[in-house]
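Residues: numbered from 1 along the sequence shown. Just so you know, ligand 1 is whichever comes first in the structure, and atom 1 is the first atom listed for that ligand.
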Amino acid sequence: MRPFIVKPFQSFSGTILLPGDKSIAHRAIILGALSHGNTIIENFPVNKDCLATIAAFQKLRVKITRKDNKVIVFGKGLHGLTKPTGPIFSGDSGTTFRLLLGVFAGQPFKSELIAGRFLSRRPMLRVNAPLRLMGADIKAYSLGAEEYPPVTIRGGDLGPIVYRMPVASAQVKSAILLAALYAQGISRVIEPIATRDHTERMLKSFGADIKADHRKPNTITIRGNKELVSPKKIYIPADISSAGFFIVAALILPHSKICIRKASLNPTRMGAIRVLKRMGADIKVTKSPLRLRSGQASHQATKYEPMGDIIVKSSRLKGTLIKKEEIPSLIDELPILMVAACFAKGLTAFQGVDELRVKETDRIKSMIENLSKIGAKIQNLKAGKMENIIIEGEKPLRGKRVRSFGDHRTAMSMVVAGLAASGQTSIDDVSCIAKSFPDFLKILNTLSNK
Ligand code: S3P
């Protein structure tokens, strides 16, 4: 693999439409497969992770067709999956793996889930533990007190659960909610901090009996054993996590202005925008109105997933404190926010970023190594068990040889850092970007004013 060379951009401008949100896309395939009726999915993000979810359900004999970014799922209902003939491979897609565990917990057959090189090192006990409490029989590769892929699971006959989650994770919450569809009775999930709520929103649009318990914070209740009905059409708004790389590039490159159209504006995913605004960023968000046709929502996305346009102009940023309660709403944007912090006046502190250690790679290690190499002042400070990162901004950044560590978000963050650094930045391997956003570099180049 030849290293990828990034040369500085003078500025950045244009209007872009980005591929749909990866998290929403996984859920659209899963609920499309488990419901009655056909689901047409528009603006589907064609990336490795989402294709892994499609392939998994095709192995379970669900018919799914795709032409470019339009996907049709021919639903089979809650009990229509066929026992797979071999193991299901979810590549390095953690969302595919963990959400499938929830689905398999409800199936009366044995399934084996296997994973790629990176995902095979990521913890699975956080999902296996609650699913076992519901009655699933799960065996996993275990090392010390943790469990990892491969996982075999035999489900069926689940009981409801009341579960207080020890970690704030949308993947864990979603696995439990999916399993709860198969349980007799009402399940309740309590999160320590609210995480992305795409599963809840989409379950509602498929007619599930699910609601937030307003008397208790971060508590969701769901009644099982009710068949789902497809809303027929789902438009997936642009992935706000992919948008993050363009937003930060436009902020830190002088004389830049970009507009990202039809972006996801789900409040549980907008943490990075809130933080950047606090840092002084000139970002304007306009929500698309909910269009009604003969009394009905013509656009499922605007009804169940808010979307709109985001306009960003170059800005002088200043440091801020990102509190641990904010982390789930910007978890995937932490690497690119670290890049933004390098261009901010003063100190930026990220509190409670522990979960970054167990993402596709250890993103604390990879970002500290890379940003330090190009001249940033960045440190990891531990307070008890909590991990924090402190960045002192406005140090001159100079391009060097850096590494992606095989992690798509580290690679894209370092591309953006390279655009604003002086000299040439070389990144060892950017093929990992295909995990979430294969067209990233192509779209980036359409915006450059070199
Ligand atoms: C995701 C949840 C987050 C996020 C991941 C996608 C999801 O992971 O980092 O990229 O689609 O539910 P955790 O649930 O592990 O925090």
Lys/Arg N to Asp/Glu carboxylate O, Asp332 vs Arg196, below 4.0 Å: yes
task: Would you mind checking which non-hydrogen protein atom is closest to atom 11 (O) of ligand 1, with the distance to 0.1 Å?
output: Ser23 OG, 2.7 Å
Candidate with minimal heavy-atom separation from atom 16 (O) of ligand 1, of Arg409, Lys22, Lys359: Lys359
query: So is there a nitrogen or oxygen of Ser174 less than 3.5 Å from a nitrogen or oxygen in ligand 1?
result: no
- request: Give a yes or no on whether a salt bridge exists between Arg117 and Glu360, defined as a side-chain N under 4.0 angstrom from a carboxylate O.
  value: no
task: Kindly say whether the aromatic ring centers of His79 and Tyr182 come within a distance under 6.0 Å.
output: yes
query: Any N or O on Ile331 sitting closer than 3.5 Å to an N or O of ligand 1?
result: no
- prompt: Are Arg27 and ligand 1 in contact, using a heavy-atom cut-off of under 4.0 Å?
  reply: yes
task: Around atom 14 (O) of ligand 1, find the nearest protein heavy atom and jot down its residue, atom name and distance.
output: Ser169 OG, 2.7 Å
- prompt: Can an N or O of Glu355 be found at a distance shorter than 3.5 Å from an N or O of ligand 1?
  reply: no
- line: Short version for Arg98: what comes under 4.0 Å of ligand 1, heavy atoms counted, is side chain
- request: Could you list which atoms of ligand 1 come closer than 4.0 Å to a heavy atom of Asp332?
  value: 4 (C), 5 (C), 9 (O), 10 (O)
message: On the six-membered ring of Tyr235, is Lys262 placed so that its NZ or CZ lies under 6.0 angstrom from the centre and within 45° of the ring axis?
response: yes
- request: Run the salt-bridge test on Glu326 and Arg278 with the 4.0 Å N-O cut-off and return the result as yes or no.
  value: yes
task: Using a strict 4.0 Å threshold on nitrogen-to-oxygen distance, state whether Asp209 and Lys226 make a salt bridge.
output: no
message: Does Lys83 have more than 12 heavy atoms from other residues, nucleotides or ligands lying within 6.0 Å of its NZ?
response: yes
